[in-house]
Amino acid sequence: GLVGESGCGKTTLGRTIIRLQKECSGHVLLNGIDLCSLSPSRLRPLRRQMQMIFQNPYSSLNPRMTVLEIIAEPFTGRYSRKEKIERVSKLMVQSGLDPEMMSKFPHEFSGGQRQRIAIARSIAADPMLIIADEPVSSLDVSVQAQILNVLKSLRDSLSLTMLFISHDLSVVRYISQRVAVMYRGSIVEIGKTEDLFKNPCHPYTKALLDVVPVIDPERKIYQFNSVQSSDPDLSENSGCPVFNRCSKRKDECRSEVLKLYPCAGEEDHYCACVDSYNK
């Protein structure tokens, strides 16, 4: 899971990983292969192994193509029409769609059904990695739960690696095994889901959890007040991205770009904050 407020760079990171956007620096490794160093011709065979589910199911599907044509696009030149229909039928069932609707066009479906079509399209190429960019944010809550269950089932049955991007913490907690928290283009904390939610280390993560609605009066609510609600200009700060908003900031935070270090007493839990880690 990848969480953070709007504009922090979540979608940019997802598009860069899948090579829809060129990186400014750094590396993207897929099974040890640096995708950033590959030429277009060498990258093309690997693109099948990476697929993306976009946020808006109304604009991510070609309105001039039927469901059969949309889902079967990765099969072009590989199978006969009968085999395509059989494979598309199987993919539609896996995604919770009726195969009898494969001759229809996207405008004949609801938002939830369109997102199921997008999911079926994403797994048609038999990928190893799926980037899900806020795939349920534009759907009703009841439909969100159905789509999340479909994604979770496909992830487990097909042994997929999935990067689930969202600003909804409850959704990320439900579907993810590990969560990374992003702020202003930087990962400030990463760890196992339950560890991160039960014991947040970074002030920004604590602030995110602070605003999650809680209906249990006996449950502990984080009251850290660790970051300011305003978002001041950071142009004078070259260090920690949360510096101007953090109540626990220190002089070293202004200029030192912090790396992720293990949190005290936590296994596989890392945080970029001098107040929270053991060097």
Side-chain angles (χ1 to χ4, degrees), residues 1-55 122 127-134 160-167 172 176 178-191 196 201-205 207-208 227 231-246 249-263 268-279:
L2 179 63
V3 299
E5 60 192 49
S6 298
C8 71
K10 302 186 300 296
T11 295
T12 300
L13 177 60
R15 292 174 65 88
T16 303
I17 291 173
I18 209 167
R19 314 309 298 138
L20 291 179
Q21 187 166 320
K22 185 174 176 57
E23 79 290 343
C24 296
S25 63
H27 306 276
V28 177
L29 302 179
L30 180 68
N31 279 347
I33 301 173
D34 185 3
L35 302 181
C36 300
S37 65
L38 299 181
S39 64
S41 60
R42 294 181 61 194
L43 178 63
R44 191 172 295 112
L46 296 176
R47 285 192 179 277
R48 296 183 63 88
Q49 301 179 28
M50 305 177 291
Q51 298 295 318
M52 192 163 189
I53 302 172
F54 295 93
Q55 179 177 354
S122 71
M128 66 171 64
L129 169 67
I130 286 183
I131 309 289
D133 184 14
E134 302 202 36
L160 288 170
T161 295
M162 183 180 297
L163 175 61
F164 191 93
I165 299 172
S166 180
H167 60 267
V172 170
S176 303
R178 284 172 55 80
V179 176
V181 180
M182 175 176 272
Y183 180 73
R184 285 190 172 271
S186 299
I187 301 295
V188 296
E189 185 168 357
I190 185 170
L196 189 140
C201 294
H202 198 280
Y204 180 68
T205 307
L208 285 179
V227 300
D231 193 7
D233 181 24
L234 300 183
S235 58
E236 298 180 358
N237 170 39
S238 59
C240 177
V242 197
F243 177 81
N244 286 8
R245 299 179 65 183
C246 182
R249 59 179 179 255
K250 302 177 181 179
D251 290 340
E252 59 190 292
C253 302
R254 181 186 293 276
S255 57
E256 181 181 351
V257 179
L258 300 176
K259 297 180 180 180
L260 290 166
Y261 290 94
C263 294
D268 199 25
H269 189 176
Y270 301 89
C271 176
C273 179
V274 294
D275 195 55
S276 309
Y277 64 68
N278 287 332
K279 290 186 178 180

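All residue numbers refer to positions in the sequence shown, counting from 1. Being a predicted model, the structure only gives us computed values, none of them experimental.
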Q) Taking it one step at a time, do Ile190 and Leu260 satisfy side-chain contact (heavy atoms from CB on, under 4.5 Å)? A) CA-CA 8 Å; Ile190 185 170; Leu260 290 166; 4.1 Å; yes
Q) Among all residues two or more places apart in sequence or in another chain, which pass the side chain to side chain donor-acceptor pair (under 3.5 Å) test with Gln21? A) none
Q. Which heavy atom of Arg47 sits nearest a heavy atom of Ile18, and at what distance?
A. NH1-O, 3.5 Å
Q | Atom pair CG/CE of Leu30 and Met128 - distance to nearest 0.5 Å | A | 5.5 Å
**Q.** Least distance between heavy atoms, Thr16 atom then Arg19 atom
**A.** O-NH1, 2.8 Å
Q.
Among residues at least two apart in sequence or on other chains, which ones pass salt bridge (charged side-chain N to carboxylate O under 4.0 Å, His left out) with Arg178?
A. Asp268
Q) Closest approach of Pro127 and Ser122, non-hydrogen atoms and distance? A) CG-O, 3.3 Å
(Q) Minimum heavy-atom separation for Glu189 and Cys201, please, with both atom names. (A) OE2-N, 3.0 Å
Q) Between Leu196 and Val179, which heavy-atom pair has the shortest distance, and what is it? A) CD1-O, 3.6 Å
Q) Rounded to the nearest 0.5 Å, how far does CD of Gln55 lie from OG of Ser166? A) 9.0 Å
Q: Measure the spacing between SG of Cys36 and CD of Glu23 and express it to the nearest 0.5 Å.
A: 3.5 Å
Q: For residues Cys263 and Tyr270, report the shortest heavy-atom separation together with the two atoms involved.
A: SG-C, 4.0 Å
Q: Evaluate the side-chain proximity of Ile17 to Leu129: yes if any heavy-atom separation is below 4.5 Å, no if none is.
A: yes
Q. Taking His27 for the side chain and Leu29 for the main chain, is one N or O donor matched with an acceptor at less than 3.5 Å?
A. no
Q: Taking the side chain as every heavy atom from C-beta outward, state whether Ile131 and Ile53 have any pair of such atoms under 4.5 Å apart.
A: no
Q: Calculate, to the nearest 0.5 Å, the distance between atoms CE and SG belonging to Met182 and Cys8 respectively.
A: 5.5 Å
Q) Rounded to the nearest 0.5 Å, how far apart are NE2 of His167 and CG of Leu208? A) 11.5 Å
(Q) So does Asp133 get a backbone contact from the side chain of Lys10, meaning a donor-acceptor N/O pair under 3.5 Å? (A) no
Q. Is there side-chain contact between Val181 and Ile187, with heavy atoms separated by less than 4.5 Å?
A. no
(Q) Determine whether Ile130 and Leu163 satisfy the following criterion, side-chain contact (heavy atoms from CB on, under 4.5 Å), listing intermediate values before the conclusion. (A) CA-CA 6 Å; Ile130 286 183; Leu163 175 61; over 6 Å; no
Q: Quick one: pull up OH in Tyr204 and SG in Cys271 and give me the separation to the nearest 0.5 Å.
A: 13.5 Å
